[in-house]
There are 2 protein chains.
Amino acid sequence: MKVDFDGIQAFVAIAELGGFGKAAEQLHVTQTALTRRLQKLEAYLGLKLFDRTTRYVELTAVGRDFLPQARVIVGEVTRSIEGLKDMSKRSHGSFTLACVPSMCAHILPEFIRQYADICPGNRIRLLDATSYEVRNAVLNNFAELGICIMGERNDELAEIPLFDDRLMFFCRDSHPFSNKSSVSWSDMSRADLIVVSNMMATRVVMDYQLAKRGIRLSGAYEVRHHATAISLVAAGVGCAILPASTLEEGDRQGIRRIPLVGPVVKRKVVLTKRKKSTLSPAADAFFNLLKDYRFEV
Amino acid sequence: MKVDFDGIQAFVAIAELGGFGKAAEQLHVTQTALTRRLQKLEAYLGLKLFDRTTRYVELTAVGRDFLPQARVIVGEVTRSIEGLKDMSKRSHGSFTLACVPSMCAHILPEFIRQYADICPGNRIRLLDATSYEVRNAVLNNFAELGICIMGERNDELAEIPLFDDRLMFFCRDSHPFSNKSSVSWSDMSRADLIVVSNMMATRVVMDYQLAKRGIRLSGAYEVRHHATAISLVAAGVGCAILPASTLEEGDRQGIRRIPLVGPVVKRKVVLTKRKKSTLSPAADAFFNLLKDYRFEV
DNA sequence: TTGATTCATGCACAAACAGCAATAATCAAA
DNA sequence: TTTGATTATTGCTGTTTGTGCATGAATCAA
């Protein structure tokens, strides 16, 4: 059983244009070739699709029945194929990007804007999730690319560092530290400290790096989202330790962002993909955009 | 632009069975051939559809997007093709038969029964219409076959005589003629005569044959359908001249059917098809059933 | 009857394709 | 680490399939 698409295509063209000659022209082959293609199809089916003499061509009853189906087939196939070719030629298409919420707010909007310039019309399905979930989404092919926090090494994943996101101290204007140019970890008082939940990658990184220096920190409050922490700070609940990317100094009225030292702790924001998986042209274009970008810290 | 159906089929099989080897088995080719088909398709598209090493095969993001479409294509094509092959092999399918109402009631039911035995599952679209309309339906390919009254010769139509349908005299039991074994045209009185409309083929044939003998007949009542005429006779409105096929003697209580003589006038019932048009296998089976049938008159 | 048009066919050549055998890459088990 | 099993890939070759050119045959119109 060897299905003959050429024959079906020839059939539709002949039926549509009412003759072998015109159909041949449209398909860019000689009329001889078309005759043969149709003959082959008819022989294979054991049916005549056209009643024809040398002077005219007319569908048989069977041909009339088949025409709509054949039209659908030809349409479906050429549409799909052309879509894919277009995809490869012009990086057209859509892809899924998994990204931690903090980066969705920080670097992503700018990149999406740039990407839209390069690949207009492309859609990005954005999956905002925790760093852990992002990595899993990429590993399981739910997302082609991920932006997350560098964590435990995984052989299946390729990770391209984007930038270092330094942890900072956030407090209100009225806080005693508000005019200091830097704050040390040892200055922290547990009483009013807001930290990220220890389920989150940022916290894991922080605890690990502090532990190496023998520092152990715990806050009075734990939250999952950076935005929540900022809200609490603004409301006067306390001070927070958060990545610098959460908020630029001066971005929000009444809230100060002060560098933390002794030691300087950073989380590494990475772009990640599965090593094994070939990116779609759409994702690849995005990947290339980010990969070589020079971040000013 | 030369679309490669084999490649798409290979793609679906590999994706579905998860490997070249199994797919090759299903498609009854060597695994070498499958590798080549997929390579060709990928080269043509400029895209990788699978990430694969020698040990495992996995869809790329693009492949995942394409799979549903490809499935539809393969399904659609094989379904259509198999349907057509089935059509040719087992005379499977449906066709349109145009037929005059009198024959729909008379010979057709029996034939449809016989046809159903030969081609179970086949559907006949029955177009009941006047003889003139039947011929036109066949000429314009609205119907593949027609059963009608032989009329003016037409080069486009092939007509196979089915049987001669003799005109008869129909009256009530109470009619003075009811016991006669035959009635002559000259016996007719115009007063209570019911004849078919002169728009109808039966009437045209009748008038023509009578005219050759110098007889000119007109009735008090004209109807389009034979069944109407019979109803009028039954109701005592008058007597009717109708084809024998309308009613068998004794079929209907209180109505007598008496041969008409001097001259004997017949209408010829024919099976007709367009000379140029090739019949569908379904219609062809029906055609062959009728063509050689011996009618006892 | 002639000429124009259009589908079909004979032939020869080129391209595509399949299969075999061998290779290469990977994973698992020893 | 090595060995073996598994599975995709590649080189090679013979065959099949497909195309185009030139020609033929059928039909319609003038």
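Predicted model only: the values in this text are computed from it and were never measured. So you know, we letter chains A, B, ... as the sequences are listed, proteins then strands, and number each from 1.
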Practice prompt. Would you mind reading off the distance between B:Leu17 atom CG and D:dA8 atom P, rounded to a whole angstrom?
Written response: 11 Å
Fill in: Value in whole Å for how far the P atom of C:dT26 lies from CD of A:Glu156
14 Å
Item to complete: Compare side-chain N and O positions of A:Thr54 against OP1 and OP2 of D:dT27 and report whether any pair is under 4.0 Å apart.
Response: no
Discussion item. Tell me the interatomic distance from A:Leu41, atom CG, to D:dG18, atom C1', rounded to whole angstroms.
Written reply: 15 Å
Discussion item. Using whole Å, what does the distance between atom C1' of nucleotide C:dT6 and atom CD of A:Glu25 come to?
Written reply: 14 Å
Worksheet item: Heavy-atom count around B:Gln69 CD within 6.0 Å, excluding the residue itself: above 12?
Response: yes
Worksheet entry | Toward the 5' end of DNA chain D, by each residue's nearest nucleotide, A:Gln31 or A:Asp4 | A:Asp4
Worksheet, complete the sentence: Side-chain atoms of B:Lys40 come closest, of C:dG19, C:dC17, D:dT19, to C:dC17
Worksheet item: How many Å lie between CG on A:Asp6 and C1' on D:dT17, as a whole number?
Response: 11 Å
Discussion item. What is the separation between atom CZ on B:Phe50 and atom C1' on D:dT7, rounded to the nearest whole Å?
Written reply: 15 Å
Worksheet item: For B:Asp284, does its backbone N or O pair with a side-chain atom of B:Asn288 as donor and acceptor, under 3.5 Å?
Response: yes
Discussion item. Of the options C:dC7, D:dT9, D:dC21, whose atoms approach the side-chain atoms of B:Phe20 most closely?
Written reply: D:dT9
Worksheet item: Reckon A:Thr35 has a side-chain N or O less than 4.0 Å from the OP1 or OP2 of C:dA8?
Response: yes
Item to complete: Hey, which sits more toward the 5' end of DNA chain D by its nearest nucleotide, A:Tyr56 or A:Ala33?
Response: A:Ala33
Worksheet entry | Heavy-atom donor-acceptor pair, A:Gln39 side-chain to C:dA8 base, under 3.5 Å | no
Fill in: Distance in angstrom units between B:Arg36 CZ and C:dC20 C1', rounded
11 Å
Worksheet entry | B:Arg52 CZ - C:dT26 P separation (whole Å) | 13 Å
Fill in: Between CG on residue A:Leu67 and OG1 on residue A:Thr60, distance to nearest 0.5 Å
10.5 Å
Discussion item. Heavy atoms only, 4.0 Å cut-off, all strands: where does B:Thr32 land among base, sugar-phosphate and nothing?
Written reply: base
Worksheet item: Can you list the steps and then say if B:Arg135 with B:Thr272 is a side-chain hydrogen bond (donor to acceptor under 3.5 Å, both in side chains)?
Response: CA-CA 8 Å; B:Arg135 287 164 61 104; B:Thr272 186; over 6 Å; no
Discussion item. Counting distance alone, no hydrogens or angles: does the base of D:dT6 have a donor or acceptor under 3.5 Å from a partner atom on the side chain of B:Arg55?
Written reply: yes
Item to complete: Would you please say whether a donor-acceptor pair under 3.5 Å links the side chains of B:Asn141 and B:Ser277?
Response: yes
